[in-house]
Amino acid sequence: MYVNNPCENMVRKTKAEAEQTRQQIIDAARAVFAEKGVSRTTIDTIAKAAGVTRGAVYWHFENKEALFHAMREQVMLPLLDQFDDTLFGDPGADPLQTVEVFYLSMFAALENDSVMREIYEIMILKCEFVDEFAPVLQGMIGHCSEIVTKLTRVYARAAELGQLRPGVEPQGLARDTYLFVGGLMKTWLADQESIVIRPYTRQLIAQHLQLRRK
């Protein structure tokens, strides 16, 4: 018969409280980054916004870069999982259609998920990747390379099926799609009044993929 262990309950409670504090710090950092920009934000400011001590922040995060990275991973990891599921989950799916579906769903998520949207605004519009943040940029470039590699696989599959128009090659198309989406996202985030880009996002993505078809 299992006997409830008070020490075990205490450890579990302590871990849960620590995780709650960690998330509280990440949420506070996101709010301050969004308001002040990353370079003008200090650990002291984050601690004050989170309602914790400076030491508590450093207990969970080595520095501001580590905190930024944790915030970023909250959106990037689920997005990369969704990327793999959409592009490679169904071997019989139309390759070009999977690319279109993924990017349409990504922009729909940006529209509907305020936390995701705010994190991307911070990463793309409110962060200077210089000095101590230079390694963060290199890490992001690594993710970019991974995405281009996977897009290349999808376009290579489209080529095998005879879907691509003449004169194009998978790796070049993958790079072009990555740059197209990066530019689209930056302008989409800046277009907060929905004047220039946001109303036409679906059309632009569909046209981008249609231009690849034979």
Neighbour count >12 (heavy atoms, 6.0 Å) for atom CD, E193: no

Pair V168-R212, side chain to side chain contact (heavy atoms under 4.5 Å, CB included): steps then yes or no: CA-CA 8 Å; V168 298; R212 280 140 172 70; over 6 Å; no

Heavy-atom check, side chain of M185 versus side chain of L110, under 4.5 Å: yes

Point-to-point distance, once rounded to the nearest 0.5 Å, from OG1 of T53 to CG of D44: 10.5 Å

Any donor-acceptor pair under 3.5 Å from K64 side chain to V38 backbone: yes

Heavy-atom neighbours of E160 CD exceed 12 at 6.0 Å: yes

Side chain to side chain contact (heavy atoms under 4.5 Å, CB included) between L79 and F102, intermediate numbers included: CA-CA 10 Å; L79 192 67; F102 171 75; 4.0 Å; yes

Pairwise distance OG1(T187) to CG(L204) - rounded to 0.5 angstrom: 10.0 Å

Non-neighbouring partners of Q163 that pass side chain to side chain contact (heavy atoms under 4.5 Å, CB included), sequence neighbours left out: D94, P95, L96, A158, L161, R213

Full working for side chain to side chain contact (heavy atoms under 4.5 Å, CB included) between F33 and M123: CA-CA 9 Å; F33 287 156; M123 292 191 299; over 6 Å; no

CD-CG distance between Q97 and L104, expressed to the nearest 0.5 angstrom: 8.5 Å

Heavy-atom closest pair, residues V52 and A56: CB-CB, 3.9 Å

Minimum side-chain heavy-atom gap L184-I205 below 4.5 Å: yes

Distance (rounded to the nearest 0.5 Å) between R117 CZ and I122 CD1: 12.0 Å

Reported CD-to-CZ distance for the pair E121 and R30, which is rounded to 0.5 angstrom: 11.0 Å

Qualifying ring pair (Phe, Tyr, Trp, His ring centres under 6.0 Å) pairs with a residue from residues 43-81, counting only residues at least two apart or across chains: F68-F133

Distance-only polar pair, side chains of T201 and Y103, donor-acceptor under 3.5 Å: no

Within 6.0 Å of CZ in R54, more than 12 heavy atoms from elsewhere: yes

Test side chain to side chain contact (heavy atoms under 4.5 Å, CB included) applied to K150 - qualifying residues, sequence neighbours left out: F83, D84, F88, E146

Nearest-0.5 Å distance, CG of residue D176 to CD of residue Q171: 12.5 Å

Test item: K214 side-chain N/O and P166 main-chain N/O as donor-acceptor pair under 3.5 Å: no

Side chains of T45 and T42, donor plus acceptor under 3.5 Å: yes

Salt bridge present between R198 and D191 (N-O < 4.0 angstrom): no

Full working for side chain to side chain contact (heavy atoms under 4.5 Å, CB included) between L173 and E169: CA-CA 6 Å; L173 292 179; E169 52 89 20; over 6 Å; no

